[in-house]
Peer 1: 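I am attaching a structure below and will ask some questions about it afterwards.
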Amino acid sequence: MDISKNLTESSGIPGTKLEIKKKAGNAVRTMAKSMLKAKIGQKALPYMFVAPAMIIFLLFVIWPVIYMVYISFFDWNMIADMEFVGIKNYIKMLGSKDFRMVLGNTFRFMLMMVPTTMILSLIIAIYLKKNTRVNRLLQNIMFMPNIVSLVSISFIWMWMMDEDRGLFNFVLGLFHLNPVNWLGDPKVAMFSLVLVNVWKNLGYYVLIFVAALQGIPGYLYEAAALDHARPLSVFFKITLPMLSPTLFFLTLTGIIGSFKTFESVSLMTAGGPADSTNTLVYELYQQGFVYYKTGYASAMGVVLMVIVGIMTLVYFAVLQKKVHYQ
């Protein structure tokens, strides 16, 4: 006797064996679809959380970069129609003495600013690494310039560096020294900009170094003390290797930041005197928004992006293996 038929008749459920199999198959398919939807939803959930940030990144970072590369192949003043010129903007730029001078100024600014900031901040951080109330107060005071607008800072330093009524020349006068044209002398102006930017960023670097120094295990210094190691040996054999990830990060961000310097140059020197402080980003601004050579300015932006990218890759390739993470 057919068991499924008996079960159907005994339970009072109408339908044949075929109908029961069909209903069972539908139930299995429904359950499988539900499980598949749940699995897909579980896998898609992280992407849903990341999606808003990715959309903002694509709209405000990736798309502007793509559009900048596109514009760099055109001659455009933001008013008339765009005229395709191919790589003429790049040829003109790379063959320009002014561009080479601006590029040299940018590298010069970076080579003066980054090592000075790193060395000074490391020395100060070693002095302030002990977790005391006075040191915490000094750390807060040093960090304050970092949260103040560079525009405000530039105006304050412009007053202090004024040739006739500035604080610096007033102090020099007290020692019967000749006044210095801090922002008007081509030999001095770049050093003045470096001084302002180092003072602005010093507190941030100090705090990062202090945190890294406090994270070094104390037993390493205790072992060095038992071996009667000299302070310089302790610094170069323990402190610097343990700080290598921090040094790696701060140096890289410092290099990138120095290439993007704009506010202090624009407000304090306007690229002068005699273009001695004209940097790549300020020249890009001049070409794009003063002379309305948008295509040429976009080509400069592409070159800036390529230079920073190459320097970052070289920096990683050369120094990443020397970073000590343990």
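If you read the sequence from its start, that first residue is 1, and numbering goes on from there. Note that this is a predicted model, so its numbers are computed, not measured.
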Peer 1: Counting only heavy atoms from other residues, nucleotides and ligands, does the tally under 6.0 Å from CG of L59 exceed 12?
Peer 2: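 More than 12 within 6.0 Å, yes.
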
Peer 1: According to a hydrophobic-cluster definition based on side-chain heavy atoms being under 4.5 Å apart (Ile, Leu, Val, Met, Phe, Trp, Tyr only), do L240 and L213 belong together?
Peer 2: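 Yes, because L240 and L213 connect within a single hydrophobic cluster, where side-chain heavy atoms sit under 4.5 Å apart.
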
Peer 1: For the residue pair W76 and D81, confirm or rule out a side-chain donor-acceptor distance under 3.5 Å.
Peer 2: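 Short answer, no.
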
Peer 1: Quick check: do M68 and M305 have side-chain heavy atoms less than 4.5 Å from each other?
Peer 2: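 The answer is yes, as the side chains (C-beta and beyond) meet within the 4.5 Å cut-off.
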
Peer 1: Considering only heavy atoms from C-beta outward, does the side chain of F168 approach that of W159 to under 4.5 Å?
Peer 2: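 F168 does not reach W159 side chain to side chain.
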
Peer 1: In this structure, would I71 and F84 fall into the same cluster of hydrophobic residues linked by side-chain contacts under 4.5 Å?
Peer 2: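 Yes.
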
Peer 1: In Å, rounded to the nearest 0.5 Å, how long is the span from OG1 of T239 to CG of L232?
Peer 2: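 The OG1 atom of T239 sits 10.5 Å away from the CG atom of L232.
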
Peer 1: Decide whether L226 and I216 are clustered together by the hydrophobic rule: side chain heavy atoms of Ile, Leu, Val, Met, Phe, Trp, Tyr closer than 4.5 Å, transitively.
Peer 2: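 No, L226 and I216 fall in different hydrophobic clusters.
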
Peer 1: Quick one: are N135 and Q139 in side-chain contact, heavy atoms under 4.5 Å?
Peer 2: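 A side-chain contact exists here, since the closest heavy-atom pair is under 4.5 Å.
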
Peer 1: Could you measure the distance from the CG atom of N201 to the CG atom of L150? Nearest 0.5 Å is fine.
Peer 2: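 N201 CG to L150 CG: 8.0 Å, rounded to 0.5 Å.
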
Peer 1: Can you classify the ring geometry of F262 versus Y282 as parallel (below 30°), tilted (30 to 60°) or perpendicular (above 60°)?
Peer 2: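 Ring orientation, 0 to 90° scale: tilted.
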
Peer 1: Test W182 against every option in T269, N169, D162 by the side chain to side chain donor-acceptor pair (under 3.5 Å) rule and name the one that passes.
Peer 2: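 The single option meeting the side chain to side chain donor-acceptor pair (under 3.5 Å) with W182 is N169.
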
Peer 1: Does any part of the side chain of Y296, heavy atoms only, come nearer than 4.5 Å to the side chain of K88, both counted from C-beta?
Peer 2: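 No. Closest side-chain heavy atoms not under 4.5 Å.
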
Peer 1: Under a single-linkage definition using a 4.5 Å side-chain heavy-atom cutoff for Ile, Leu, Val, Met, Phe, Trp and Tyr, are Y205 and I141 assigned to the same hydrophobic cluster?
Peer 2: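 Not linked; separate clusters.
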
Peer 1: Crowded around Y292 OH? As in, over 12 foreign heavy atoms under 6.0 Å?
Peer 2: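 Check fails, neighbour count at 12 or below.
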
Peer 1: Are M268 and M161 packed together at the side-chain level, in the sense that at least one heavy-atom pair is separated by less than 4.5 angstrom?
Peer 2: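 M268 reaches M161 side chain to side chain.
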
Peer 1: For the pair V114 and M118, evaluate side-chain contact (heavy atoms from CB on, under 4.5 Å) and give the outcome as yes or no after the intermediate values.
Peer 2: CA-CA 6 Å; V114 175; M118 297 290 291; 4.2 Å; yes

Peer 1: Going through the checks in order, is the side-chain contact (heavy atoms from CB on, under 4.5 Å) test met by F259 and M311?
Peer 2: CA-CA 11 Å; F259 270 88; M311 290 187 64; 3.6 Å; yes

Peer 1: Working to the nearest 0.5 Å, report the span between CD1 of I124 and CG of L138.
Peer 2: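 Between I124 CD1 and L138 CG, I get 10.0 Å after rounding to 0.5 Å.
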
Peer 1: Is M142 close to L128 at the side-chain level, that is, under 4.5 Å between some pair of heavy atoms?
Peer 2: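 A side-chain contact under 4.5 Å exists here.
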
Peer 1: Is the shortest heavy-atom distance from the side chain of L193 to the side chain of F109 under 4.5 Å?
Peer 2: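 When only atoms from C-beta onward are counted, F109 and L193 do touch, with a gap below 4.5 Å.
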
Peer 1: Can you measure from CZ (F191) to CG (L195) and round to the nearest 0.5 angstrom?
Peer 2: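 So the CZ of F191 and the CG of L195 are separated by 11.5 Å.
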
Peer 1: Do S264 and N197 have a side chain donor and acceptor closer than 3.5 Å?
Peer 2: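 A donor-acceptor contact under 3.5 Å links the two side chains.
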
Peer 1: Would you call N105 and T277 a side-chain contact if the rule is heavy atoms closer than 4.5 Å?
Peer 2: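 With C-beta onward as the side chain, the pair stays apart.
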
Peer 1: Do you reckon I255 sits in the same ILVMFWY cluster as I310, going by side-chain contacts under 4.5 Å, direct or chained?
Peer 2: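 Per the 4.5 Å side-chain linkage, I255 and I310 are co-clustered.
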
Peer 1: Is the terminal nitrogen or CZ of K129 (NZ for Lys, CZ for Arg) located under 6.0 angstrom from the six-membered ring centre of Y221 and within 45° of that ring's axis?
Peer 2: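 So K129 does make the cation-pi contact.
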
Peer 1: How many angstroms lie between atom CE of M82 and atom CG of D75, to the nearest 0.5 angstrom?
Peer 2: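 So the CE of M82 and the CG of D75 are separated by 9.5 Å.
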
Peer 1: Suppose we call two aromatic rings close when their centres sit under 6.0 Å apart. Are F316 and F248 close by that rule?
Peer 2: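 Ring centres of F248 and F316 closer than 6.0 Å.
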
Peer 1: Scan the side chains in residues 90-104 for donor-acceptor partners under 3.5 Å anywhere in the protein, sequence neighbours excluded, and list what turns up.
Peer 2:
| from | atom 1 | to | atom 2 | distance (Å) |
| --- | --- | --- | --- | --- |
| Y90 | OH | S72 | OG | 2.6 |
| S96 | OG | D98 | N | 3.3 |
| S96 | OG | F99 | N | 3.4 |
| R100 | NH1 | L94 | O | 3.3 |

Peer 1: How long is the straight-line distance from CZ of F209 back to CD1 of I123, given to the nearest 0.5 Å?
Peer 2: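 If I round to the nearest 0.5 Å, the distance is 10.5 Å.
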
